[in-house]
Every structure is written in structure tokens, then in C-alpha cells.
Amino acid sequence: MGVTILAASITGCISYQSVRRLIITNLERNALLEVRERANKIDRWLGTRKAEIEILAHTPPVRSMNWSVAQPYLKSEVNRLQEFQHLALIDPDGSYFTTKVGRSLINVSDRQHFKKAMAGEVYVSDPTISRTLKKPRRIVPISAPVWSSSVNSLDKTTEKPIGVMNGVISMDRIAEVVGKLEYGAGTYAFVLNSQGVPIVHPDAQLIGNIHKPAPSLLESADANLANVAREMVYQKTGIVLTQINDARVYVAYLPLEQAEWSIALVIPRDNLEKELLPFKILAVAAGLLAAAAIFATMVALKLFVLNGIRSRTEALLHRLTGRIRACLGLDRILQTTVDELGTLLKLDRAIFAWYDPRQDTLEFGWEYCREGLPGRLGIFGVPGGPSGDLAARLHRCETILLHKTAAPDATASEEHAHIELTNRHYAAVPVLTQNHRLGYLFACAKRRFATPDEVEVLEAIADSLAIAISQSQLHGQIQEEIQLLEEVLAKLIITEEHLVQSEKITIVGQLAAEVAQEINNPINFIYGRLIHLNDYIKDLLSIIRLYREQYPEPVPRIAKKIERCDLDFISKELPQILNFLKIGADGIRQIVLALRKFSLPDEANKEHANVNESIDNLLLLLAHRLEQKILVVKEYNNLPPIFCYPGQLSQVFASLIIHAIDAVKSIENSAQIITIKTDIVEEYKGRFIVVAIAHNGSIIPPEIQPRIFEEFGHTKSFKNFTGLELSVCYKIIVELHGGRLTVESPVQPQIKSQTGGGAEFMVKLPIV
């Protein structure tokens with residue numbers, strides 16, 4: 001018996017240490033997941049700001065490096081994005097302009113974020129104090145290189161940026177997110193930069209920035225704190241039990257991905273290990289029972305039997321805990337729990353239910369039934385409505401009669417519409433999850449139930465179940481984050497394709513302008529000579545007519561030549577041929593002129609342009625795509641010239657006309673009609689020029705219309721759309737010209753066909 005007791009004691013100690021280490025490991029993992037969740041939130045926020053600055057650096061106003069062009073655009077972006085205190089455009093020499101003060105007298109060539117951006121990197125700087133703002137505030141600069149529009153992705157390894165796009169965010173937002181990170185009373189979080197200097201810390205005296213250096217924690221007098229700081233500076237992830245400021249604490253730390261920072265959470269040891277209390281009580285109870293067995297043989301024999309039963313129960317409990325933690329699906333976890341619990345304790349029923357304190361109801365969702373018993377799933381409450389004390393009555397294990405709040409199934413009998421929980425025949429153990437949703441684990445039997453041992457087993461299972469539910473919820477959140485990252489990656493790939501296509505379109509436009517210039521010179525030469533040639537031919541023909549009048553009877557040799565050449569036919573046909581040549585040369589001149597106006601880039605400043613003339617030039621360029629069966633109806637009104645960027649407006653109109661051509665080609669056995677209307681409208685905001693481009697082709701699906709002008713909003717539906725992205729057209733009309741771009745589909749009945757339905761894009765431009 002002594003050997004058996006000794007062996008059991010050793011086994012109990014080893015088991016205690018093993019299970020304790022397992023529970024602590026799981027608690028440490030949960031604490032680290034808590035820190036990771038908050039770090040991911042900061043990373044997502046910083047990553048979004050970096051992407052916004054990088055996108056701004058690729059926009060035409062910023063690439064112009066002309067502050068008069070970029071200023072209104074950047075100011076509108078500050079108002080739109082709301083996250084940046086101001087935006088700045090920095091020249092290669094370090095001088096810069098900001099949306100806050102305009103041209104700054106300060107040079108930033110010594111700043112790390114400027115150097116990183118000029119090296120071609122999108123960089124999040126350490127916190128600093130603004131040199132521009134009068135009121136000192138801690139800020140975080142985010143910078144991205146500005147590349148010339150002629151530099152492609154391969155040239156970026158050899159070419160230098162033409163400037164830097166910079167945005168400033170407040171450090172207060174990051175400090176607020178870090179400050180909400182907690183794990184019970186007494187916890188606090190802090191953030192270190194790459195030198196180990198705190199940039200967020202509850203103790204404001206320890207916080208440093210570029211202009212206010214502070215001691216690095218790597219040099220702290222507390223060796224344990226210095227070791228933790230060293231691990232954070234090395235960008236490592238982990239959780240360690242150590243002693244800081246004479247207190248035993250857990251420190252969970254991990255690096256941020258979007259900046260050269262690391263975040264740490266300091267948790268008092270008691271906060272993390274408080275869930276070990278039931279397990280410690282269980283171990284102490286087992287030790288006391290083993291000690292009592294030494295002094296009384298009979299008691300020892302009884303305790304020996306009870307200990308054997310307990311060992312088998314704990315083995316089953318460990319097996320059940322392993323199965324619960326092995327599966328991450330919530331349904332599978334809960335069903336496995338009730339099945340194993342019913343089999344382990346030989347129950348009639350084992351049920352898991354969610355408790356609603358507002359309605360005082362229980363939702364029985366997962367159940368184990370002894371063979372032959374009917375199922376009792378559904379929502380149940382006490383008769384007469386909410387009583388307000390259902391949870392307290394369950395805790396006291398009082399007799400409770402629960403009724404279904406909704407009518408039972410038609411096939412169910414009336415007795416299945418209620419559940420009776422009889423005192424001393426059931427136990428209800430609460431299961432509190434991390435999202436503070438309260439569940440209950442029920443065990444029911446016909447025999448007397450709810451002994452302390454059985455309740456202890458239920459409580460242990462409830463603790464493991466709470467951890468497993470939390471893990472399942474965290475797993476679901478991680479899967480959502482992975483899906484979100486996949487969507488962002490897909491959008492980045494699409495953005496990259498659009499950028500490549502934009503570069504190709506720019507190069508083609510430049511080549512078209514050069515080709516048009518080369519064609520224009522010889523055409524002008526030919527056209528100018530045709531005028532003189534026509535006059536010369538007229539003079540020669542008049543001389544020939546005079547000769548024939550003065551010498552009606554030519555010599556035989558000349559008469560034979562006249563008859564062979566058919567001089568009369570040549571005299572009639574030659575002027576017509578010259579006239580056709582003149583018309584053809586004039587047509588080529590008009591096409592070349594339209595091509596030059598369309599392909600040459602806009603100047604930095606706006607100029608006056610005639611919309612009707614621009615549309616006619618586009619139709620002339622697109623004549624090869626307008627087949628004979630496509631009817632273009634032009635309904636123009638006299639329009640005044642408008643102050644605009646003519647090239648960009650022409651690209652918008654060209655894209656809309658190309659879309660209309662593609663749409664009408666999709667219908668058959670019906671007239672293909674494109675209608676272009678221009679007019680002037682009066683509104684309370686002023687006078688507008690309206691350009692409506694409509695067609696009777698296929699309609700735009702209703703589910704796409706609300707987001708057709710958003711980025712990526714219509715890519716899958718307009719795979720063959722070869723014009724500008726509609727989101728780009730929208731920005732040109734709305735942001736650059738202060739106008740409006742709308743779509744209606746299907747259109748009004750006067751151009752609607754039986755096979756199509758059509759669509760109408762309407763552009764409104766203010767008359768300045």
C-alpha cells in the first residue's frame with residue numbers, strides 16, 4: 001500500500017507539473033494572441049496609410065512636382081482621408097511645400113524618412129516633433145518616392161526619384177490603440193523603436209523621439225528589462241516570465257510589420273495564472289486525501305479505491321480535453337463535449353446552452369441523449385416570461401420547469417415542449433467566454449447527481465471548453481484576416497496591371513504625337529503644291545483650248561497623238577482628279593490635327609476648349625471602329641468654350657464612346673444607335689455644359705451601377721473595356737474639373753431596343 005501510495009504521489013506530482021505547464025502554455029499563447037491582435041490592428045492602420053501615400057505618389061498632380069498643380073489636389077485628399085494632419089511634397093534638395101503652411105522655410109534633407117524615400121523605399125519614421133507647426137506635437141512622418149512618369153519598374157533600380165510624397169499622422173492614434181491593450185488590472189503596454197527607446201509608454205518621462213532623445217531600455221539598470229528590450233530590438237516574438245521593478249510579471253512581445261517597432265504587454269503573474277486556482281485546489285485535495293490514507297488503513301483502502309476512480313476520470317478528462325482542443329470548429333467542439341460528458345458520467349442528457357440575460361432564456365443547441373430519449377433542442381424559458389433570476393436558480397440547482405418560447409414542431413408531442421430540471425438530479429456549470437457571452441453545461445440523470453466530484457469534473461470540462469471556444473473564435477478571426485489579406489493582394493495585383501497599362505498608354509500617346517508630327521509636314525507640303533498644280537493645269541488646259549480654236553486642223557502627227565491620248569477625256573477628268581486629291585489631303589490633315597490634339601499632354605494650366613469640336617475630332621479618329629450599321633446621331637447645341645484640361649476631357653469622352661461602340665456591337669438583328677447630345681443647363685449652383693453619350697446596346701447590371709465609378713468596382717464585368725478605367729474618368733470629371741459623371745441603365749424608351757436596353761453616361765461641366 002505504501003509503495004502504491006508513493007507511486008501515486010509521484011505520478012500526481014508529475015501530472016500536476018505537466019498539466020500546469022500545459023495550462024500555463026495555453027494561457028501564454030492566449031496572452032500573445034491578444035497582443036498580436038492589437039499589433040495587427042496597428043499594422044493594418046499603418047499599412048493603409050503607407051498605401052495611401054504610395055498611391056498619391058503615383059498620381060499625375062504629384063508627379064508633376066509643381067506645387068500649384070498638386071496643392072488643391074493634396075488639400076482635397078487631406079479632407080477626404082481624414083487620417084493625415086497634412087501632406088507635403090518634398091524636392092530632391094530637401095525643400096518642401098505642405099498643405100498646412102504652403103512653402104516651408106525648413107529643410108528636411110537630414111531626416112531619415114526623406115533619405116529612405118529618396119532611396120526608393122516607402123518608410124514609416126520614428127516619432128518626431130514637427131518643424132512646421134507652431135504648436136509642438138508628436139507626429140509620425142510616412143514618405144514614399146515620387147517617380148517620373150517616364151520611369152518604368154526596371155528603371156527604378158538605376159534612376160532616382162524626382163521627389164518625395166510625405167504624409168504626417170498623429171502619434172496619439174497609435175498611443176490610443178496601445179493604451180487599450182490590457183489583460184486585467186495592473187497591466188500596461190509599451191512600444192520600442194529599433195534603438196530600444198520607448199515611443200509609447202505609461203511613464204511619459206521614458207518616451208523619446210528624434211528631437212527629444214531618451215535613454216534606451218537596452219541600457220536599463222534592470223537587467224531583466226534590458227534582456228526583454230534586446231529581444232524586441234532583434235524583432236523576436238515571445239512571452240517570458242521575469243521580474244521587473246521587484247514584481248514577477250509576464251512580458252508578451254512581438255514586432256510590427258509596417259514599422260521598425262515592437263510592442264509589448266506587461267501582465268502581473270497573478271492575472272495570467274489565476275485560472276490555475278481550481279487546478280491547485282484539486283491538487284491540494286488529492287494530496288490531503290493521500291496523506292490521510294497513510295494514517296488509517298481502512299480509510300486508505302477507501303481512498304485508494306476513490307483515487308483509482310479519480311485517476312480513470314482524470315484520464316478520460318484529459319482525453320476529452322485533448323479532443324476538444326484538437327478541433328477548431330465550434331459546432332464540433334460543443335457536440336464532442338456533450339457526447340464525451342454523457343458517456344463519461346453515464347448521463348441521461350448532457351446539454352450545452354447559451355444564456356440570454358435580457359430575455360432570461362436558454363438556447364439548447366447541442367445535446368447528448370441516452371438511447372430511447374427524445375431530443376429537446378430549442379429556446380426555453382420559465383413560464384410567465386422572464387423571471388430575472390434564472391441564472392441564480394440554476395446556480396442553486398433548484399427544480400425548474402422550462403417551456404419552449406416558440407411553438408414546437410408539428411411532429412413533436414406536447415410533452416416535448418418542456419424540460420424539467422429536478423433538484424439533485426442535474427448540475428448546471430457556467431461557461432464564460434472571452435467575448436463575455438455566458439453559456440451553461442448541463443448534466444442530467446435519473447439517479448442522484450451533482451456530487452462534489454461530479455461537479456468538479458464538470459467545472460474542469462467547462463474551463464477547458466471556455467478555452468477551446470476562445471481558440472475557435474480566434475481561429476475564425478485569423479481566417480477572416482487571411483481572407484482580407486488575400487483580397488488586398490488581389491487588388492494590388494489588379495492595381496499593378498492598371499499601372500503597367502497606364503504606362504503603355506502614355507508611351508503610345510507620345511509615339512502617336514510624334515508620328516502625327518512626322519506625317520503633318522509632308523501632307524502640308526503636298527497640300528500646298530496641289531493648289532499651285534491645280535492653277536497650272538487650268539492654265540495649260542486654257543492654252544490647249546486656244547490652240548484648238550486658232551488651229552482647228554492640226555498637222556497629222558499632232559492629230560494622231562490627240563486621238564491616241566483622248567485629249568477631251570483628259571481635259572474633263574484631270575480637274576476632278578486634282579479636286580479628289582485635294583479633298584483626300586485635306587482629310588488627312590484634319591485626322592493628323594485631331595490626333596495631335598488628343599495625344600499631346602495637357603499643360604500645367606487649364607485652357608479654353610470647345611467641347612463640340614473635341615467630340616468631332618474623336619469621332620474622326622474612331623471612324624475605323626464605326627461600322628456602316630452603327631448610326632451616330634449628333635444633337636449639338638451652340639456651346640461656349642470652357643476652361644479645362646482638353647487632353648484629359650478628350651480621353652474621358654473617347655473612353656465613353658468606345659464603351660458605347662462595344663455595347664452596340666453585342667446586339668444583333670436590330671439598329672445599332674449611338675446618340676451624342678450637348679446642351680447648356682441652368683441650376684441653382686450655376687450654368688453647366690451637359691454631354692450625354694447614350695446607346696441602345698446591352699444594359700449595365702443593376703448590382704454594378706452603384707459602384708461602377710469605384711476602383712475595382714466593375715473590372716470583372718467590363719473585361720473587354722479598352723478605354724480609361726471608369727474610376728479614373730470619374731476623378732478627371734469630379735476632382736479636376738468640379739463636374740459630375742452619372743450613368744443611367746436602361747435608358748429612356750426613345751432609343752431602347754428590344755434586344756438591348758442601353759445605357760447613358762452624362763457629363764456635367766461648370767461654365768467658368
Side-chain angles (χ1 to χ4, degrees), residues 320 323-324 327-433 435-447 449-450 454-455 458-459 461-462 464-466 468-470 472-473 476:
L320 173 60
R323 292 182 181 179
I324 290 175
C327 55
L328 295 175
L330 185 59
D331 289 335
R332 187 177 175 187
I333 288 173
L334 296 174
Q335 190 61 50
T336 300
T337 301
V338 295
D339 289 343
E340 290 284 351
L341 182 61
T343 304
L344 172 66
L345 300 180
K346 299 180 180 179
L347 303 173
D348 291 336
R349 294 183 187 277
I351 306 172
F352 181 85
W354 291 113
Y355 174 63
D356 185 355
R358 295 171 299 179
Q359 301 296 328
D360 220 17
T361 57
L362 290 166
E363 181 183 356
F364 291 169
W366 296 267
E367 180 184 33
Y368 162 82
C369 296
R370 181 170 52 81
E371 186 176 356
L373 292 179
R376 300 289 179 84
L377 299 181
I379 300 177
F380 292 82
V382 293
S387 64
D389 63 348
L390 178 57
R393 295 174 65 187
L394 289 173
H395 183 70
R396 293 191 296 268
C397 290
E398 296 180 2
T399 298
I400 301 174
L401 184 64
L402 301 174
H403 281 261
K404 264 193 176 180
T405 58
D409 297 337
T411 57
S413 62
E414 187 65 26
E415 64 180 59
H416 295 169
H418 69 273
I419 293 179
E420 182 178 2
L421 300 176
T422 307
N423 184 25
R424 296 189 179 182
H425 288 269
Y426 82 96
V429 179
V431 179
L432 183 61
T433 60
N435 61 0
H436 304 294
R437 189 180 183 187
L438 182 60
Y440 272 97
L441 189 61
F442 291 91
C444 307
K446 289 184 178 180
R447 58 182 172 84
F449 191 66
E454 291 169 331
V455 172
L458 288 176
E459 290 177 347
I461 293 176
S464 298
L465 185 59
I469 292 175
S470 300
S472 178
Q473 293 170 346

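For clarity, every value in this text was computed on a predicted model and none was experimentally measured.
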What's the separation between atom SG in C444 and atom CD1 in I351, rounded to the nearest 0.5 Å?
5.5 Å
Mind checking what makes ring-ring contact (aromatic ring centres under 6.0 Å, His included) contact with Y368, not counting sequence neighbours?
none
Nearest 0.5 Å, what's the CD1-CG distance between I379 and L362?
10.0 Å
Apply side-chain contact (heavy atoms from CB on, under 4.5 Å) to L438 and V431, showing your working.
CA-CA 6 Å; L438 182 60; V431 179; over 6 Å; no
Looking only at heavy atoms, what is the nearest atom pair of L441 and A462, with distance?
CD2-N, 4.5 Å
Hey, which of Y355, F364, W366 is the one that makes ring-ring contact (aromatic ring centres under 6.0 Å, His included) with F442?
F364
Parallel, tilted or perpendicular, judged at 30° and 60°: which one describes the rings of F352 and W354?
perpendicular
Work out which heavy atom in A443 is nearest to a heavy atom in L347; give both atom names and the distance.
CB-CD1, 3.5 Å
Would L373 and R349 satisfy side-chain contact (heavy atoms from CB on, under 4.5 Å), going step by step from the backbone distance to the final call?
CA-CA 9 Å; L373 292 179; R349 294 183 187 277; 4.0 Å; yes
Minimum heavy-atom separation for Y440 and A428, please, with both atom names.
CD2-CB, 4.1 Å
Backbone of A350 reached by a side-chain donor or acceptor of E367 within 3.5 Å:
no
